[in-house]
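This report refers to the structure that appears directly beneath it.
As the structure is a computational prediction, the values presented were derived from the model and not from experiment. Note that these values count all heavy atoms, side chains included, but never hydrogens, waters or copies made by symmetry.
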Amino acid sequence: MLKTWWGDIKQISNIDASWAVIWISIYCGFLLLDVFFPGWFGTSLLKYIGILLCVIYAYTQYSTDIMLSLALLFTFMADTVLVWTEWTVAGVYIFCFAQFMHLLRLCKAKFEYIFAWAAFVSIAFAIAVIQGCKPIYAIASIYALVLFSNLYFATCRFIDHKTDFKSRCALYGFIAFVCCDVCVATRFLALDGYLTLAVLPIVNFLVWVFYYPSQVLIANSSAMSPTPRLVKNLRK
């Protein structure tokens, strides 16, 4: 297993060593800042830049994989709302579209389904709220449905292509994504009085322990070939 992980790291490095250095530096940087300076503005900014760089990387490395780029762009938009505003429901709503874009690419479905998804999310959310469900739990339930669907399809892809580096990135990425959102859910339950507040410092830290690696891995999970000019540069 360690040999496989080391091979994966080398494959990421072979794509572009500078990106590997950037990802590791950002990750180690904000984890250390979270430990010694929790709540500092600069830490949030570093995390935010890290997510933006994942969008840029996916677009430049896999310019033909439009759904991957859109999924990461929706993710960045959701993080913009969640990191810099108090509009939590709106942020999770945007995240629903990010996850659906991932679902479309994992299932190799048509982009046009996004319009049906938009209608479903809006109608399901409205019905749940009318029935008395708290808005954040209503939209989070819809989000969880598609997130676990992505984990399922990423697992299926991995089973079919166990030796494929990108398939492993997809599976590991969505496992990390689920771990992150379990921490987020735990935080909300604690703030709403369903769990002890003592868990907050732990889950607040663990959210980004899992979240940033999930985005880096998913950015490397495209089933399409790298952008030709980058392949040419790597061969020089």
Side-chain angles (χ1 to χ4, degrees), residues 4 7-24 26-27 48-80 94-118 121 143 146-178 211-236:
T4 299
D8 290 344
I9 292 172
K10 288 199 297 183
Q11 287 198 55
I12 292 177
S13 298
N14 288 338
I15 292 171
D16 191 330
S18 61
W19 278 105
V21 171
I22 290 170
W23 290 326
I24 294 171
I26 289 176
Y27 187 59
Y48 185 69
I49 291 172
I51 299 303
L52 174 60
L53 290 177
C54 286
V55 180
I56 295 172
Y57 171 82
Y59 178 73
T60 56
Q61 180 71 23
Y62 301 103
S63 59
T64 57
D65 195 339
I66 302 302
M67 289 189 183
L68 175 61
S69 294
L70 286 175
L72 293 174
L73 180 59
F74 274 120
T75 298
F76 175 69
M77 291 167 60
D79 283 326
T80 299
I94 298 172
F95 254 127
C96 287
F97 287 88
Q99 291 295 344
F100 190 66
M101 293 305 301
H102 284 305
L103 182 62
L104 290 180
R105 71 186 187 87
L106 288 171
C107 296
K108 299 181 179 179
K110 295 181 179 179
F111 175 79
E112 287 74 11
Y113 286 117
I114 193 72
F115 301 107
W117 174 247
V121 172
Y143 169 81
V146 69
L147 173 61
F148 280 100
S149 296
N150 285 334
L151 177 60
Y152 169 77
F153 285 111
T155 302
C156 292
R157 177 180 164 187
F158 171 76
I159 292 173
D160 292 337
H161 308 281
K162 289 184 178 180
T163 60
D164 179 50
F165 166 69
K166 295 179 182 179
S167 295
R168 292 198 297 274
C169 281
L171 177 60
Y172 300 159
F174 281 107
I175 289 174
F177 221 143
V178 169
Y211 181 57
Y212 189 62
S214 77
Q215 298 310 296
V216 172
L217 288 165
I218 289 173
N220 280 281
S221 69
S222 176
M224 297 186 180
S225 300
T227 302
R229 66 178 182 276
L230 293 180
V231 174
K232 183 178 180 180
N233 290 336
L234 288 174
R235 291 173 178 170
K236 290 181 178 180

* To do: For residues Phe74 and Phe95, establish whether the separation of their ring centroids is below 6.0 Å.
  =>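 For Phe74 and Phe95, the ring centres are not under 6.0 Å apart.
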* To do: Please check if the side chain of Thr60 supplies one atom and the backbone of Tyr57 the other of a donor-acceptor pair under 3.5 Å.
  =>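 Answer holds: yes.
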From [X] [atom1] over to [Y] [atom2], what is the distance, rounded to the nearest 0.5 angstrom?
| X | Y | atom1 | atom2 | value |
| --- | --- | --- | --- | --- |
| Met77 | Ile51 | CE | CD1 | 14.5 Å |
| Arg168 | Asn220 | CZ | CG | 12.0 Å |
| Phe174 | Arg157 | CZ | CZ | 9.5 Å |
| Asn150 | Ile218 | CG | CD1 | 8.0 Å |
| Met67 | Phe100 | CE | CZ | 9.0 Å |
| Trp19 | Ile56 | CH2 | CD1 | 6.0 Å |

Considering all heavy atoms, the nearest [X]-[Y] contact:
| X | Y | value |
| --- | --- | --- |
| Cys54 | Ala219 | O-CB, 4.1 Å |
| Leu104 | Lys110 | CD2-O, 3.6 Å |
| Tyr59 | Ser69 | CA-OG, 3.6 Å |
| Arg105 | Ser221 | NH2-OG, 2.8 Å |
| Leu72 | Ala58 | CD1-CB, 3.3 Å |

Does some side-chain heavy atom of [Y] sit less than 4.5 Å from a side-chain heavy atom of [X]?
| X | Y | value |
| --- | --- | --- |
| Trp117 | Cys96 | yes |
| Thr75 | Ile94 | no |
| Tyr48 | Thr80 | yes |

* To do: Step by step, work out the side-chain contact (heavy atoms from CB on, under 4.5 Å) result for Leu68 and Met101.
  => CA-CA 7 Å; Leu68 175 61; Met101 293 305 301; over 6 Å; no
* Going by the ring pair (Phe, Tyr, Trp, His ring centres under 6.0 Å) test, name the single residue among Tyr212, Phe148, Tyr172, Tyr211 that passes it with Phe177. =>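 Running ring pair (Phe, Tyr, Trp, His ring centres under 6.0 Å) over Tyr212, Phe148, Tyr172, Tyr211 with Phe177 returns exactly one hit, Tyr211.
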